[in-house]
Amino acid sequence: MVEPFAAVDVIKAKRDRRALTKDEIDWVIDAYTRGVVAEEQMSALAMAILLNGMTEKEIAQWTTAMIDSGERMDFSGLPRPTVDKHSTGGVGDKITLPLVPVVAACGAAVPQLSGRGLGHTGGTLDKLESIPGWRALLSNEEMLSVLRDVGGVICAAGDGLAPADKKLYALRDVTGTVEAIPLIASSIMSKKIAEGAGGLILDVKTGSGAFMSDPAKARELAETMVRLGNRAGVTTRALITAMDVPLGLAVGNALEVTESVEVLSGGGPADVVELTVTLAREMLDLAGITDIDPATTLVDGSAMDVWNRMIQAQGGDPRAALPTARESDVITATTSGVVTRLDALSIGVAAWRLGAGRARKEDPVSAGAGVVLHAKPGDVVVKGAPLMTLYSDEPARFARAHQALDGAVDVGPAGSTIERLPLVIGRVD
Ligand code: URA
């Protein structure tokens, strides 16, 4: 086959700040997926995009080309409206776990393709895999069948969905080119658009524990993704939410499942409940379901019922005891006063070092490892009282976790200013 372009010319065009044409973009994505554009060439192009940016038209075309590298899912045969959610990820962000059953219990269908954790942010699949027997890999037919029977499904994205993104994301991860808004937005939205839900809510996090710690960058990412979704026919909205402090009290795989089940039982930490209900309201509005308050599903048992059926449908036993770590270590307050700051990134790195996360994508994770917080900003503590408990299977990991936590918590005298962002910082329609 005679190739219509040379990769080096496309790289030079972006290096010299020229906007790429539709034909160049379609070709470069297709040729990269076929192995004709080499990894080193795509890595140079990704770096040129990171440094020189892309126009809105280029980002939209890049996204379309990545969608067209694979299959599109089709939920049009379902009797319920479909609506999905994506979070850019954070520390203790277990919201998908209670959110999917809540929205399904209100009458929408939620096809949630999720990922595994890399670095200090956890992955939804790693969390659910701590439930004995639960299986993340479903065929498209199995996914559709769980969705039809239960109303919600959380599973791994199959290899057929945006394969160009799978290859490119792995390359960006090792070439310092993850943090480019055109590449992040097209990567996330190609998968979400190919998945084919009618509506999409994006939870774009900002603060130390988020991918985009700068609020202005988080807004730019949110606006770019909302435009891409709406342009492709998926009604898309974004909330920009706080990730300066971990969500809830539990950080770590099985620990977060336990906290999610507490929320589904009508309890759990206030911030987890509030964000779950806020996102559920947005999703139901996108699905055109306005006659039910999602908060009621947490108290009447209907969301818990969906959760149990959803876990069972994927081989899991929702009543089985979850794995626990072999060792624990308590960190106590060194002074009395009020907690004024609790740094999400430090807690995320500590949980990761305790074994809850992975450094390379082939590494296993520990189901029981992580951190349970006993105090959050605004809480009063007395000297010697527990601030947090660390859990790990290997006691040798505690020292490295302690290093990550150095300076993570500030305790000030009563009346001190509490440093934290509001839970919902902004929205993009
Ligand atoms: N998640 C993705 O799927 N892609 C990115 O580029 C970043 C986060």
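All values below were derived from every heavy atom in this structure, side-chain atoms included, with hydrogens, water molecules and symmetry-related copies excluded. We count ligands from 1, going down the list as the structure has it; atoms in each ligand are counted the same way. As the structure is a prediction and not an experimental result, all values here were calculated from the model.
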Atoms of ligand 1, numbered as shown, that sit under 4.0 Å from any heavy atom of [X]:
X: Ile184; result: 6 (O), 7 (C)
X: Ile188; result: 1 (N), 2 (C), 3 (O), 4 (N)
X: Ser187; result: 2 (C), 3 (O), 4 (N), 5 (C), 6 (O)

Is any side-chain heavy atom of His374 closer than 4.5 Å to one of Leu387?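 Counting from C-beta outward, Leu387 and His374 never come under 4.5 Å.
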
Taking N or O atoms only and a 3.5 Å limit, does [X] qualify as a polar contact for ligand 1?
X: Asp165; value: no
X: Tyr169; value: no
X: His86; value: no

Between atom CG of Leu78 and atom CZ of Arg148, what is the distance when rounded to the nearest 0.5 Å?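 Atom-to-atom, Leu78:CG and Arg148:CZ are 5.5 Å apart.
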
Starting from atom 3 (O) of ligand 1, which protein heavy atom do you reach first, and at what distance in Å?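 I find the closest protein heavy atom is Lys191 NZ, 2.4 Å.
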
Does the distance from a Lys or Arg side-chain N to an Asp or Glu carboxylate O, for Asp74 and Arg72, drop under 4.0 Å?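 No salt bridge links Asp74 with Arg72.
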
Are there more than 12 heavy atoms of other residues, nucleotides or ligands under 6.0 Å from atom NZ of Lys217?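 No, the 6.0 Å shell around NZ holds no more than 12 heavy atoms from other groups.
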
Quick one, Leu113 with Met73, criterion side-chain contact (heavy atoms from CB on, under 4.5 Å). Give me CA distance, side-chain angles, the key distance, then yes/no. CA-CA 11 Å; Leu113 298 178; Met73 304 194 73; 4.2 Å; yes

Stepwise, does the side chain to side chain donor-acceptor pair (under 3.5 Å) test hold for Asp93 with Ser87? CA-CA 8 Å; Asp93 183 3; Ser87 161; 2.7 Å; yes

